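Comments concern the structure below.
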Amino acid sequence: MNINSNTANSANHPSSLVDGPSGLVSGGSGITEPFFSNYEEIARGSTHVLFRARRYGRWYVLKGIRDELRSNPLYDEWLYKEYSVGVSLDHPAIVRVESLEDDNVVGRCIVMEWVEGQTLDQWRQGKSAADVRAMFSQLLDAVDYLHHHGIYHHDIKPSNIIIAHDGRLKLIDFGLSDGPQYAAFKHSAGSDGFAAPEQKAGTTADHRADIYALGCILLSLFGRRYRHAARCAMREDPQKRPQSVAALRRLMHPRWWISLLVLLLLAAAVFPVLFPLPIVHSFVLPSGQTVYYRVLQHVPHRQVALVYAGTDDQEWPGDLEMLQGHLDIPPTIRHLGLDYDLVAIGEHSFHNQSFITGVTLPEGLLRIGDGAFAGCPAMKDTLVIPSSLRLIGDDAFTDCSGIPAVRWLADSCNVSNEAKQCFYRCLSLRKVVIGPGVSVAATRTFNNIRVLESVYFADGVVTIGRDAFAMDSSLSAVRWPSSLRVIEHAAFYECDLREIVLPDSLQVVGTYAFAYNNHVRRIALGPAVSFVGTYAFADCYELEEVTVQASLPPQVVVTSFDGMPDGVRLRVPKASVNAYRSDPVWNRFTIVGYPLVNGDE
């Protein structure tokens, strides 16, 4: 022990008190000498007294109760609690307790090892920050050991921390220590300046009171260096403090800056891979033209997109040649010695290229951007849309006035959110072929093509999307697929169909599906039809006859045939005539029955 103490008064005694015998009460393995000698009082507190004494050539510290308090059994119990705590501990940074003995000079006392050294405050003078950090780490090790063994010191302060001359730290004075296994002396007041708020309030404290004291010492030793960790440890609410010594260490030595540095280094390496820079590269097509592309991604798939090489103020830079002839676009492009999949043709990539006569789009192409080929009037070849296409942009082929036909192989292809038409003002486009392999004809894909005359659907098409051929005012011939089930909203709105004979598989006719087909004379619905939407056949002014093969009247609304002329004949199976006449909408027609087998009515 150190002879200096902030909580005890020094007492001067002759260098040798009368030697007195002592008897072993507990502990003390190997202690056989029956007495101590050379007693020297080193400190005196309000309840206890400390002596240094010699036995077997070694110095020990004897901690006993003041003379006037020895008759009080309460203090005996308090002394035994401190002994039972100390004797259970074995750590190089915690003072070693040897035994509990009855001594003629000191009375019942705890026998502890003597530590020659200085208190923490004395030792730290003139020491480097690194030395102080190393010593504080020893203190954290000692307190962590205590807490893992269910012991709370409850009086950690610089005067109870001794630094031996060999540099070892020793935590002393367990007079206020506690643990969940002890039933007595549960309310420790601590020491001013280091006691936690719950100790000052007289309530039961736990290991987090030690965390508070460590925060106080941390602040006094290092000031602003570990201010955040110290303030966290010194929070008034124990629940908001670090809940362990390990948590306090993490606050003292945050790894965020190392993580941030590693993250930045990784980002510097990975970012160009995951998010390639928008650098434009050139490439010569197999057909001989030079086009431009940029890398979309390197991993997990190598992908590139053809891009527009012009600038905002000049549609095509003067040092770039205008493209001529048929463009044969390959499915892959060689970049840095590796094959990259060509998955997109960007916005306006080839717009206003007046000398392009045609284009071969590769399988594997996923996207065609807005206006990608807009304004290419010399394109004369049939355009084939690959089956891989998933998105086509607004005005993708607008003003390609020479395209005579389109063969559409893309299944479930979508149009961009803002797209209104894809083939607007294609003044030579008279034929469209859908499929094979297509189950859903795309929404708004071929609408507003004024010269389109015929559409051929290969078998396999199940749905014709909304507005698919709306306002194609010259469309008069459609080959329907035998697999068709749904015609969506306005799919053939304002066309020029003269006869609409729908396949037997059809189930739903959407709203406005065939509205404003002013010249249609005959409509035939198959046996599977179950619903005819609002205004589905509205304003078909020349309509003369409707045939419905369904034995049960399909669901219709009053406006499904709005604007039809009077006297339109409705042909239904003979067995179902009464059912149709009982329907408030279908009975508007002149209903006649026909046999289900060949024969006259």
Side-chain angles (χ1 to χ4, degrees), residues 276-296 302-336 339-386 388-389 391-410 413 416 419 421-429 445 449:
L277 297 175
I279 299 174
V280 176
H281 309 272
S282 62
F283 175 76
V284 179
L285 296 177
S287 50
Q289 302 91 343
T290 299
V291 295
Y292 297 86
Y293 71 93
R294 65 180 179 86
V295 176
L296 297 179
R302 296 189 293 271
Q303 296 180 341
V304 296
L306 297 182
V307 296
Y308 172 56
T311 61
D312 291 339
D313 56 357
Q314 184 177 353
E315 290 189 352
W316 197 262
D319 58 344
L320 298 176
E321 61 174 306
M322 293 291 285
L323 300 179
Q324 300 184 28
H326 187 96
L327 302 182
D328 186 6
I329 298 177
T332 60
I333 287 180
R334 196 77 173 168
H335 178 74
L336 299 178
D339 287 332
Y340 281 68
D341 295 330
L342 198 160
V343 298
I345 297 175
E347 296 182 2
H348 310 294
S349 294
F350 301 100
H351 80 292
N352 290 345
Q353 287 289 310
S354 303
F355 303 109
I356 293 177
T357 59
V359 59
T360 299
L361 300 174
E363 280 295 337
L365 185 68
L366 301 178
R367 301 186 302 277
I368 298 177
D370 294 348
F373 292 91
C376 296
M379 293 176 66
K380 305 294 184 182
D381 301 331
T382 296
L383 178 66
V384 179
I385 302 298
S388 58
L389 194 69
L391 182 69
I392 187 168
D394 190 28
D395 291 322
F397 293 92
T398 289
D399 290 324
C400 291
S401 55
I403 296 177
V406 172
R407 182 175 175 83
W408 184 276
L409 303 178
C413 179
S416 61
Q421 59 269 317
C422 300
F423 293 89
Y424 184 57
R425 292 199 299 264
C426 287
L427 303 180
S428 299
L429 181 54
T445 309
I449 305 174

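The analysis underlying the following values was restricted to heavy atoms, covering all of them including side chains, and did not include hydrogens, waters or symmetry mates. Note that the coordinates shown come from a computational prediction; the quantities given were computed from them, not determined experimentally.
The side chain to side chain donor-acceptor pair (under 3.5 Å) search around D399 returns R425, not counting sequence neighbours. Looking at residues two or more places apart in sequence or on another chain, you find no salt bridge (charged side-chain N to carboxylate O under 4.0 Å, His left out) involving R302. In this structure, the side chain to side chain contact (heavy atoms under 4.5 Å, CB included) partners of F355, at least two apart in sequence or on a different chain, are M322, Q324. For D339, the salt bridge (charged side-chain N to carboxylate O under 4.0 Å, His left out) partners at least two apart in sequence or on another chain are R334. Partners of Y340 under the ring pair (Phe, Tyr, Trp, His ring centres under 6.0 Å) rule, at least two apart in sequence or in another chain, are H298, H335. For Q303, the side chain to side chain contact (heavy atoms under 4.5 Å, CB included) partners are L296, Q297, H301, V343, not counting sequence neighbours.
Remark: H281 NE2 to L336 CG distance equals 7.0 Å, nearest 0.5 Å. Rounding to the nearest 0.5 Å gives a distance of 4.5 Å between CD1 of I356 and SG of C376. Note: Y293 OH to I279 CD1 = 10.5 Å, rounded to the nearest 0.5 Å. How far OG of S428 is from CD1 of I449: 11.5 Å, rounded to the nearest 0.5 Å. The structure places CG of L306 at 12.0 Å from OH of Y292, a figure rounded to the nearest 0.5 Å.
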Exercise. Give the C-alpha distance, both sets of side-chain angles, the deciding distance and a yes or no for side-chain contact (heavy atoms from CB on, under 4.5 Å) between I385 and F397.
Key: CA-CA 12 Å; I385 302 298; F397 293 92; 4.3 Å; yes
Practice problem: Starting from the C-alpha separation in whole Å, work towards a yes-or-no answer on side-chain contact (heavy atoms from CB on, under 4.5 Å) for L327 and F350. | Solution: CA-CA 10 Å; L327 302 182; F350 301 100; 4.0 Å; yes
Exercise. Carefully, step by step, assess D394 and Q421 under the rule side-chain contact (heavy atoms from CB on, under 4.5 Å).
Key: CA-CA 6 Å; D394 190 28; Q421 59 269 317; 4.1 Å; yes
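Listed here is the closest heavy atom pair of G393 and C422: O-SG, 3.7 Å. In this structure, A372 and I368 approach most closely via the heavy-atom pair CB-CG2, 3.6 Å. When all heavy atoms are compared, the tightest approach of L391 to C413 is N-SG, 3.6 Å. Closest non-hydrogen pair, I329 versus L285, comes out as CA-CD2, 4.3 Å. Across every non-hydrogen atom of T445 and F423, the tightest pair is O-CD1, 3.4 Å.
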Distance-only donor-acceptor pairs under 3.5 Å for side chains of residues 400-408, two or more places apart:
from : atom 1 : to   : atom 2 : distance (Å)
W408 : NE1    : A410 : O      : 2.9

Pairs of donor and acceptor atoms involving the side chains of residues 358-367, under 3.5 Å and at least two apart or interchain, shall be tabulated with distances.
from : atom 1 : to   : atom 2 : distance (Å)
T360 : OG1    : H326 : NE2    : 2.7
E363 : OE1    : S387 : OG     : 2.9
E363 : OE1    : S388 : N      : 3.4
E363 : OE2    : S387 : N      : 2.9
E363 : OE2    : S387 : OG     : 3.1

